[in-house]
Amino acid sequence: MMDVDALRAQTPGCARRIHLNNAGAALLAQPTLDAMTGHLRLEAEIGGYEAAARAREGIAAAYAAIAELVGGRSREVVLFDNATHAWNAAFYSVPLGRADRILTGRAEYGSNVLAYWQAAQRTGAEVAVVPNDRHGQMDLAALAAMADERTRLIGVSHVPTSGGLVQPAAEIGKIARACGALFRLDATQSAGQLPLDVQAIGCDMLTGTGRKFLRGPRGTGFLWVRAAALERLDPFVAEIGSATWDGRQGFTWAEGARRFGTWEHS
Ligand SMILES: Cc1ncc(COP(=O)(O)O)c(C=O)c1O
């Protein structure tokens, strides 16, 4: 159980205002502010790489904490500068062709929709929108009827940006498993607000942001990718953070989800 009074006492912004915009960006807690300003000061004093080396344990703990938050493993987590880039890293790594289909819902996040259209234009894959049921959530019967062997990906926003809808993620996961599709859950508005368990949900990729219900800083996001799904994905950019050059004309991907990440980050 969370102690709301203690959390409020830890959050300096609570002293002077009632701030309800956690779905935009939440108020920072004092320990977060101290960690950020302390690290910036350290970077200014000893250099960015040297400060990162000193913070190694804390950074590793962030991977472990995110893994615990979603019910996965540290090596399945990679950090990003926002949820959109995390989502893009996963989405643009899904091999798609003319025979393939992406299924998504009517309450999908705008950037995700744009990426679907772009992928459809580039690859010839079809994007099909599953209708809502009478409650306004994804119609599970319609999804089950539309999901077939052509379905490469089912993409859903767990809690859409506005409106309070919570999609039935675990039921969607069952349908994805039954048809063999990858299931990518955008948990940007649910991470920190609702319990998440990637094993119970059955998703293959999950993305989130730091600044909303996790009360982290802006410019932070994360991607979790199920280890078993790695071989079905072709990471969209090889760079020195995601891959190691073999000295000739080849390379090997970084371990686990790190193959989707970038060398430089905050
Ligand atoms: C459902 C959903 N997905 C993705 C995002 C994008 O997150 P970010 O701004 O961290 O890239 C948002 C932002 O509000 C969102 O509401």
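One-based numbering, in listed order, for ligands and for the atoms of each. Here the structure is a predicted model, which means the values were calculated and not measured.
- Phe236 and Tyr92 have parallel rings, their planes meeting at less than 30° on a 0 to 90° scale where 60° marks the start of perpendicular.
- Polar contact with ligand 1: present for Asp186 (N/O pair, distance under 3.5 Å).
- Contact annotation for Thr209 and ligand 1: only side-chain heavy atoms (C-beta onward) come within less than 4.0 Å of the ligand.
- Looking at ligand 1, you won't find any N or O of Thr220 less than 3.5 Å from one of its N or O atoms.
- Rounding to the nearest 0.5 Å gives a distance of 9.5 Å between CG of Asp3 and CD of Gln10.
- Remark: ligand 1 atoms within the under-4.0 Å shell around heavy atoms of Ala83 are 7 (O), 8 (P), 10 (O), 11 (O).
- Arg73 forms no cation-pi arrangement with Tyr63, by the criterion of a distance under 6.0 Å to the ring centre and an angle within 45° of the ring axis.
- Between Asn112 and ligand 1, no pair of N/O atoms sits closer than 3.5 Å.
- Counting heavy atoms under 4.0 Å from ligand 1, residue Thr188 touches it through the side chain alone.
- Between the side chains of Gln199 and Arg226, a donor-acceptor pair is found at a separation under 3.5 Å.
- Only the side chain of Arg211 comes within 4.0 Å of ligand 1, counting heavy atoms alone; its backbone N, CA, C and O stay farther away.
- Salt bridge annotation for Arg184-Glu108: present, with a cationic side-chain nitrogen under 4.0 angstrom from a carboxylate oxygen.
- Ligand 1 has no N or O atom lying under 3.5 Å from any N or O atom of Val159, backbone or side chain.
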